[in-house]
Each structure stands twice: as structure tokens, then as C-alpha cells.
Visitor: 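Sending over a structure as C-alpha cells; questions will come in a sec.
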Amino acid sequence: MGKTVLVTGGGGFLGSWLCEKLLEQGSDVLCLDNFFTGDKRNIYHLLGNPRFELIRHDVTVPIYLEVDQIYNLACPASPVHYQYDPVQTLKTSVHGAINMLGLAKRTGATILQASTSEIYGDPDIHPQVEEYWGNVNTLGPRACYDEGKRAAETLFMDYHRQHRVAVKIIRIFNTYGPRMHPKDGRVVSNFILQALRGEDITIYGDGDQTRSFCYRDDLIDGMMRLMATPAEITGPINVGNPGEFTIRELAELTIELTNSSSKLVFRPLPQDDPRRRKPDITKAKAILGWEPTTPLRQGLQRTIDYFADLLAKGLVEA
Ligand code: NAD
Ligand code: UDP
């Protein structure tokens, strides 16, 4: 018999893809979401599947379910969204983690936390290894997300040590792909839509800051591999694509692939914007046998095709 798997944030960009992959694997999937940043269209095609169930619920409120595994993804991920209601963002990470860990403790489920490279803040070491404790401003506008995710990691390890809950922590680096929210303000969706519409491409700062972009399918593969590891593997494990690009390079590649006439314009850099990000994935390779297989050019083209289709169908404003 397949496992019953709870995916919190299952209506979002990564969560909806995870639900799909879990169904393909033969699991029963409970998709829990309050649809703050998720979209029912992401999971509409799954609703007819008898092994799929949708629960509209906020993770900050306790819930009683019987499950074998929990993937805790509920949390807005884009800076624009998580800064919109910072108190709710912190509650989602902290109260959400406590509620989901309590559920795991009661049911004996294995629980995976979608943590983030933001744990490292504006990093002093490069590339980032899991042993690095990070450089986060506790008072800044990104802190509601960064500190919430850091506290969640602490809760996961404390439930593991104190209550022997089987936990897994994945630190996700910037991930992109089809189903990103068109208005979520993240750099990949912003640049693609601007290029497709022929609008100016908004580079924040001088564009020399770097990010490492992982394609959605690679990321979910790494996440499912971590869930399948033996109980003694807790992580944290970095999962991301070590290819490092400046934001200006991303803008230029997007213009090239869309054949756009858009021009680059420069806007102020948001406060505490990290200067560099690149995962060291030695652990992911050794423990999960995982490494990304989708180069940026290929993943970006697929994402461009996705947004071009949304524009053509009038599902986002042209
Ligand atoms: P997303 O915004 O598309 O998905 C988050 C989902 O969580 C949405 O469907 C949203 O409605 C839901 N949600 C938010 N608050 C909730 C609450 N209180 N109760 C129930 N549901 C709630 O973002 P995503 O990119 O799919 O990110 C998924 C997870 O991965 C997040 O936890 C995020 O922090 C983490 N992550 C993502 C990235 C990335 O680059 N995409 C990087 C690092 C970490
Ligand atoms: N960025 C940009 N233009 C945009 C959106 C973002 O130059 O229209 C920059 C942003 O300042 C950051 C990088 O792109 O340096 C990645 O931003 P994103 O919001 O995607 O994720 P982050 O890694 O900062 O959480």
C-alpha cells in the first residue's frame, strides 16, 4: 500500500509539482494550503485523482490528520510576498513548524522542512557549506523570513533530539520554473515577463550580485531523495545548482532567449540583498547521489515557454 503524504504549501510553485510527483510514485497525497501565494490552477488537474485531497487550511492553526510523511513547504518564498505581512510570515514558519512537528510526533511520520539558503544571510564564505552559521540581520526587512526559517530548523532539531521525531532539513537555493507566480516579484519571473512584454528589465543595484538558479524538477528530485534516506540522516543538506550567474548575466540571457527588444534599467538595491550565493553540494552528491541536470539556458527556455503560453491565453495581462 502506498504512503499517505501531507504536503503543506501544496498549492504553490514547488508544492504543486511535488504533489504531482508523489502521486506518480503511488502515494496518497493530502495537499494543505491557505492559498496566500498558491494558486488553485496549479493543482486543478489533480482534483479528479482519487488519491489526491485538497485541504484549505492555515498551518499556524493545529490540524489532526493521519499521515506517514510530511513535507512542510507552507511559507511565502518571494521577498515581495513574505514582506507583505511579516508577522504572518514569522507565524507561518514558527507556529507552522510547531504544529507540523506535533503532528509528526503523534503519528510517527517523517517530516521534511523546506529550509533555505537565506539561513546564510549575506554570506561571508563562498560557496556556502552546511557548517556555515550564516550572517543574518535580525532587524532588517528580510528577517521575518530568514529568522523564521532559522527558528524552524532549531525546532526541527529539538523535536528530533527531545522527541525522536524523524526529521529532514533541505536548504533550497533559488529555484525557478513553470508555475512560478507571475506576480511574485522574484527575479526570474520578473525578467521573463518584462522581456516578453517588451518592457524595461529592472535590475536592482548594479547587477553584479550573484545567484545560483536551480530548475524545479531537479530540486524536487533532490527533496524526494532526502525524504527517502534512512532515519539517521537529518541534514541540513544544500540542494541547488552550483552554476553561479550575476543578475546582469541573467537579464542578458533572458533577452537573448526571448529575442526581446527590452532595455536594462537600474533600480535601487533592496536592503540586505545578499551579494553572492552558490551552494556547495558535496553532501547532496555523497548522501543523496544527487546533482542538478538542467542547465540554466534549458530551464529558462522552458520557463519562458510557460509564461509565453500564459500570456497567449490571456491568463496574465499582456
Ligand atoms: P510559493 O509561494 O509558491 O509556495 C508557498 C505555498 O505556501 C503557497 O501555496 C502558499 O499559499 C502557502 N502558504 C503560505 N502561508 C501558508 C500558511 N500559513 N498556511 C498554509 N499554506 C500557506 O513558494 P515556493 O517557491 O513554492 O516555496 C515553497 C517552499 O520552499 C517555501 O517554504 C519556501 O520558503 C521554500 N524555498 C523556496 C525557494 C525557491 O527558490 N523557490 C528557495 C528556498 C526555499
Ligand atoms: N532582482 C532584480 N530585479 C528584479 C527582481 C529581483 O535585480 O526585478 C534581484 C534581487 O535584488 C536579488 C536577485 O535579483 O539580488 C534575486 O532576487 P529574488 O527576489 O529572486 O530572490 P532572493 O535570492 O533575493 O531571495
Side-chain angles (χ1 to χ4, degrees), residues 7-19 31-40 42-43 55-61 63 71-83 85 88-97 99-100 112-119 122 142 145-146 148-149 152 170-177 179-181 184-194 199-214 216 219-220 223 238-240 245-248 250-251 254 264-277:
V7 179
T8 77
F13 159 51
L14 294 177
S16 61
W17 192 245
L18 175 63
C19 288
C31 167
L32 181 155
D33 207 294
N34 70 351
F35 291 104
F36 172 49
T37 54
D39 190 331
K40 262 191 247 165
N42 290 340
I43 44 150
I55 306 166
R56 181 183 276 267
H57 184 80
D58 191 312
V59 281
T60 61
V61 178
I63 187 165
Y71 287 86
N72 188 36
L73 273 64
C75 185
S78 110
V80 174
H81 284 155
Y82 70 64
Q83 290 171 27
D85 186 349
Q88 174 65 13
T89 299
L90 255 170
K91 282 187 187 171
T92 295
S93 275
V94 176
H95 296 195
N99 289 331
M100 290 307 117
L112 177 145
Q113 167 67 358
S115 192
T116 167
S117 54
E118 285 284 319
I119 293 294
D122 190 9
R142 296 175 85 100
Y145 183 75
D146 301 7
K149 289 284 187 178
I170 179 175
R171 290 189 180 150
I172 303 171
F173 283 65
N174 295 61
T175 301
Y176 69 97
R179 291 196 198 150
M180 290 185 88
H181 197 296
D184 82 0
R186 278 185 275 193
V187 68
V188 172
S189 44
N190 268 11
F191 284 5
I192 291 177
L193 281 168
Q194 287 164 344
E199 295 169 355
D200 290 342
I201 306 266
T202 53
I203 294 188
Y204 302 160
D206 55 15
D208 288 340
Q209 71 271 36
T210 68
R211 292 293 186 273
S212 299
F213 297 102
C214 186
R216 173 196 69 179
L219 190 281
I220 295 300
M223 191 182 274
N238 289 339
V239 176
F245 295 84
T246 67
I247 294 305
R248 190 197 293 258
L250 178 73
T254 308
L264 306 186
V265 295
F266 294 85
R267 299 278 177 262
L269 188 67
Q271 189 191 329
D272 297 336
D273 200 281
R275 279 166 291 125
R276 302 182 77 185
R277 283 246 196 83

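Everything numeric here is computed off the predicted structure, so don't read it as measured data. We count ligands from 1, going down the list as the structure has it; atoms in each ligand are counted the same way.
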Visitor: Between Val59 and ligand 1, is there a nitrogen or oxygen pair with a distance under 3.5 Å?
Guide: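 Looking only at distances, the answer is yes, because the N/O contact criterion of under 3.5 Å is met.
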Visitor: How does Arg276 reach ligand 2, by side chain, by backbone, by both or by neither, if only non-hydrogen atoms under 4.0 Å count?
Guide: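 It is neither part, as no heavy atom is under 4.0 Å.
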Visitor: Do Arg211 and ligand 2 have an N or O pair less than 3.5 Å apart?
Guide: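 N/O-N/O distance under 3.5 Å: yes.
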Visitor: For ligand 2, which atoms have a heavy atom of Gly185 less than 4.0 angstrom away?
Guide: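 Selected atoms, number and element: 5 (C).
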Visitor: Evaluate Arg186 for polar contact with ligand 2, using N/O atom pairs at a separation under 3.5 Å.
Guide: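 No - when backbone and side-chain N and O of Arg186 are compared with those of ligand 2, no distance drops under 3.5 Å.
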Visitor: Side chain, backbone, both or neither: which part of Ile247 comes within less than 4.0 Å of ligand 2 when only heavy atoms are counted?
Guide: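 The part of Ile247 near ligand 2 is the side chain, not the backbone.
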Visitor: Using heavy atoms and a 4.0 Å limit, tell me yes or no: is Asn174 in contact with ligand 1?
Guide: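 True for this residue.
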Visitor: Classify the contact between Arg267 and ligand 2 as side chain, backbone, both or neither, using a heavy-atom distance cut-off of under 4.0 Å.
Guide: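 No part of Arg267 comes within reach of ligand 2.
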Visitor: Out of Tyr145, Tyr176, Tyr204, Phe173, indicate the one that has the non-hydrogen atom closest to atom 1 (N) of ligand 2.
Guide: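 Going through Tyr145, Tyr176, Tyr204, Phe173 one by one, Tyr204 has the nearest heavy atom to atom 1 (N) of ligand 2.
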Visitor: What I want to know is whether Val187 and ligand 2 share at least one N or O pair that is separated by under 3.5 angstrom.
Guide: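 Yes; the residue has a nitrogen or oxygen that sits under 3.5 Å from a nitrogen or oxygen of the ligand.
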Visitor: Going by the order shown, which atoms of ligand 2 are within less than 4.0 Å of some heavy atom of Asn174?
Guide: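 So the answer, numbered in order with elements, is 21 (O), 22 (P), 23 (O).
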Visitor: Is the closest N or O pair between Leu14 and ligand 1 shorter than 3.5 Å?
Guide: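 Between Leu14 and ligand 1, an N or O pair is found under 3.5 Å apart.
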Visitor: For atom 10 (C) of ligand 2, what is the closest protein heavy atom, and at what distance to 0.1 Å?
Guide: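 Nearest protein contact, heavy atoms only, for atom 10 (C) of ligand 2 is Asp273 OD2, 3.4 Å.
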Visitor: Indicate yes or no: does an N/O atom of Phe13 lie under 3.5 Å from an N/O atom of ligand 1?
Guide: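 Min N/O separation from ligand 1 is below 3.5 Å for Phe13.
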Visitor: Rounded to the nearest 0.5 Å, how far apart are CZ of Arg211 and CG of Leu250?
Guide: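 Spacing of CZ (Arg211) from CG (Leu250) equals 11.0 Å.
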Visitor: Hey, are Glu118 and Lys149 close enough for a salt bridge, meaning a charged N less than 4.0 Å from a carboxylate O?
Guide: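 Between Lys149 and Glu118 there is no salt bridge, as every charged N stays at least 4.0 Å from the carboxylate O atoms.
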Visitor: Does Asn72 reach ligand 1 with a nitrogen or oxygen that is under 3.5 Å from one of the ligand's nitrogen or oxygen atoms?
Guide: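 Min N/O separation from ligand 1 is not below 3.5 Å for Asn72.
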Visitor: Is it the side chain (CB and beyond), the backbone, both or neither of Val188 that lies under 4.0 Å from ligand 2, heavy atoms counted?
Guide: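 No part of Val188 comes within reach of ligand 2.
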Visitor: Is it the case that ligand 1 has an N or O less than 3.5 angstrom from some N or O of Thr60?
Guide: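 No: no nitrogen or oxygen of Thr60 is under 3.5 Å from one in ligand 1.
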Visitor: Does any N/O atom on Gly12 come nearer than 3.5 Å to any N/O atom on ligand 1?
Guide: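 By distance alone, the answer is yes.
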Visitor: Under 4.0 Å, heavy atoms only, figure out whether ligand 1 is touched by the backbone of Ser117, its side chain, both or neither.
Guide: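 Looking at Ser117 and ligand 1, no heavy atom falls under 4.0 Å.
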Visitor: Of all the non-hydrogen atoms in the protein, which one sits nearest to atom 43 (C) of ligand 1, and at what distance?
Guide: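 For atom 43 (C) of ligand 1, the nearest protein heavy atom comes out as Ile172 O, 3.2 Å.
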Visitor: I want to know if ligand 1 touches Thr116 in the polar sense, i.e. an N/O pair below 3.5 angstrom.
Guide: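 Not met; the criterion fails.
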Visitor: Pairs of nitrogen or oxygen atoms closer than 3.5 Å, one from Thr37 and one from ligand 1: do any exist?
Guide: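 Between Thr37 and ligand 1 (N or O atoms, distance only) the closest approach is under 3.5 Å.
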